[in-house]
Protein chains: 2
Amino acid sequence: MRPSIRDTLLKSAVTLFALSGYNAVSLRDIAKAAGANVGSITYHFGSKANLLREIYDRHTKPMNARRRELLGEARRISNPEERLMAILRAYVVPAFISSSEGDGGGAEFTRMRAVLSAEGNSDARAIIADAFDETSHAFIDAVAECVPGAPLEGLVWRSQFLLGSLYYALINPERVTRLSGGVIDGNDREAAADQIVKASYASFRSLSVEPAKVDAGSHIPEPAQGKTA
Amino acid sequence: MRPSIRDTLLKSAVTLFALSGYNAVSLRDIAKAAGANVGSITYHFGSKANLLREIYDRHTKPMNARRRELLGEARRISNPEERLMAILRAYVVPAFISSSEGDGGGAEFTRMRAVLSAEGNSDARAIIADAFDETSHAFIDAVAECVPGAPLEGLVWRSQFLLGSLYYALINPERVTRLSGGVIDGNDREAAADQIVKASYASFRSLSVEPAKVDAGSHIPEPAQGKTA
DNA sequence: CTTCAATTTGTACATATGTACAAATGATAT
DNA sequence: ATATCATTTGTACATATGTACAAATTGAAG
């Protein structure tokens with residue numbers, strides 16, 4: 001069956017918001033993209049802010065559910081290195097690739113979040129605050145178990161960097177293409193997700209004070225880990 | 001001597017753009033913040049887009065110069081680990097901390113770049129493209145020398161993640177504070193710069209196919225490094 | 001077919017924005 | 001002091017935007 005106009009409006013809004021942010025996209029832009037009338041947006045959603053709220057409502061819950069599901073699987077892995085890798089993948093992949101129809105994830109929604117978080121619009125701020133990503137705490141805890149002795153400061157900042165990497169990969173993929181002289185495709189999301197997982201794996205692993213279990217020890221002259229020892 | 005109104009306007013514009021983006025800030029907002037009249041902006045800069053162009057002109061050159069200077073110093077370090085650390089610091093620090101009056105760097109300008117890059121405004125796009133960060137290539141080259149055998153794909157993506165981490169640390173510092181339960185101050189830029197350098201150090205180091213010079217070898221079961229072997 | 005509620009369309013309105021420009025003001029040199 | 005130029009102010013205008021709402025259309029139940 002044909003999707004309802006309501007759904008088409010929501011979808012168009014995500015696409016446009018992800019591309020140009022919240023302020024720059026007018027309700028008329030959204031209506032035009034959805035092949036509908038301006039008034040229909042007011043009718044279905046009441047206001048622009050509420051339209052955004054519905055977008056979040058629709059996506060965040062299933063996406064977090066998907067993350068929790070993958071995180072649960074990951075936690076059952078006994079080898080700490082493999083486990084860490086799986087945990088990171090559980091966080092990154094749902095944000096990049098929408099597996100099923102209703103998992104709420106995918107690059108477009110994540111890119112929208114990235115753009116809106118940068119924009120700092122007050123409407124958006126309130127909505128983002130409500131839809132706070134409760135999975136983050138669970139992830140940090142899970143990661144912490146893989147890197148014994150890691151200071152909280154290092155863990156939290158690296159989770160921040162992970163999110164920043166994820167966002168920027170979606171916001172500015174052209175930079176990768178350009179910087180590599182066209183050799184690497186910045187829009188290859190599978191590759192991007194893979195690289196983020198590997199890079200953050202290394203950055204988290206370096207926090208561990210214990211030597212790697214599998215090997216003798218990787219004592220690079222790691223500069224002291226800061227105040228929070 | 002008192003700064004000219006022209007300078008005050010530029011400074012106010014950076015502050016406001018860094019806070020709310022390009023679209024959301026009106027010329028009247030800028031004028032009010034600078035204690036000037038709307039017309040004075042048109043008089044001094046002609047248009048909003050040109051005001052932004054002047055901001056870039058004023059900042060990018062001295063900031064890149066500072067980066068090149070620090071990079072030059074870093075490259076003279078013989079020990080590859082220390083060198084890598086210094087190279088990363090040379091890239092990150094000018095973006096976070098403005099050392100001298102005219103070095104063009106600092107967190108505010110960098111945050112503005114972050115916000116504008118996410119916003120995708122067409123005025124801004126053109127200007128950003130012109131002020132392309134020519135130092136990035138030099139940095140990747142310098143980094144590559146520290147991690148022999150590293151595939152280009154890994155290097156480029158990690159440089160992307162570095163920039164994303166940097167940007168997001170400035171855009172959303174509250175998340176760090178909140179996520180740590182108030183223990184860690186997301187607005188502590190010295191700490192942020194430090195953490196970024198250390199995290200990206202680890203992520204770049206992990207690309208090296210040769211074992212660490214200082215130690216036996218850090219053969220974590222690193223999953224195969226992708227296509228570009 | 002008729003009725004009635006749900007939806008869609010069209011339009012109006014108050015407000016905000018970038019830009020243009022004439023008048024007022026200020027400073028500087030002769 | 002006066003003339004000349006640079007700056008600042010005030011205002012006007014065309015356009016765009018979020019929202020409200022009445023009229024038109026649609027679709028299903030009786």
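Only this structure's heavy atoms are used, side chains among them; waters, hydrogens and symmetry mates stay out. A note on names: the letters A, B, ... follow the listed sequences, proteins ahead of strands, and every chain is numbered from 1.
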TODO: Return no unless some side-chain N or O of His44(A) is found under 4.0 Å from OP1 or OP2 of dT8(C).
DONE: yes
- [ ] Quick one: label Ile5(B) by what it contacts on the DNA or RNA (base, sugar-phosphate, nothing), any heavy atom closer than 4.0 Å.
- [x] sugar-phosphate
Listed pairs under 3.5 Å, donor-acceptor, residues 34-44 of chain A side chains, sequence neighbours left out:
residue, atom, partner, partner atom, Å
Asn37(A), OD1, Gly39(A), N, 2.8
Ser40(A), OG, Asn37(A), O, 2.5

Open item on the list: Does dT8(C) have OP1 or OP2 under 4.0 Å away from a side-chain N or O of Asn37(A)?
Closed with: no
- [ ] Work out how much the helix from dC1(C)-dG30(D) to dT30(C)-dA1(D) bends between its end axes, five pairs an end, to the nearest 10 degrees.
- [x] 0°
Open item on the list: Within the 4.0 Å limit for protein heavy atoms, which parts of nucleotides 13-25 of chain C are touched? Write it as a string from 5' to 3', B for base, S for sugar-phosphate only, - for none.
Closed with: ----BBB------
Open item on the list: Phe45(B): which residues meet the ring pair (Phe, Tyr, Trp, His ring centres under 6.0 Å) condition with it, sequence neighbours left out?
Closed with: none
TODO: Can you run down the salt bridge (Lys or Arg N to Asp or Glu O under 4.0 Å) pairs that involve residues 106-118 of chain A, sequence neighbours left out, and say none if there aren't any?
DONE: none
Result block: side-chain N/O donor-acceptor pairs under 3.5 angstrom for residues 125-132 of chain A, not counting sequence neighbours:
residue, atom, partner, partner atom, Å
Asp130(A), OD2, Arg53(A), NH1, 2.9

TODO: Could you name each residue pair satisfying ring-ring contact (aromatic ring centres under 6.0 Å, His included) that touches residues 162-197 of chain B, not counting sequence neighbours?
DONE: Tyr167(A)-Tyr168(B), Tyr168(A)-Tyr167(B)
Open item on the list: In whole Å, I'd like the distance from the CD1 atom of Ile41(A) to the P atom of dG10(C).
Closed with: 14 Å
Open item on the list: I need the full list of salt bridge (Lys or Arg N to Asp or Glu O under 4.0 Å) pairs touching residues 56-66 of chain A, with sequence neighbours left out, sorted by first then second residue.
Closed with: Asp7(A)-Arg58(A), Arg66(A)-Glu69(A)
Open item on the list: I'd like to know whether the aromatic ring centres of Phe109(A) and Tyr56(A) sit less than 6.0 Å apart in this structure.
Closed with: yes
Task: Residues in ring pair (Phe, Tyr, Trp, His ring centres under 6.0 Å) contact with Tyr91(B), at least two apart in sequence or another chain - done: Phe139(B)
Task: Nucleotide nearest Tyr43(A) (side chain, heavy atoms from C-beta), chosen from dT9(D), dT7(C), dG10(C) - done: dT7(C)
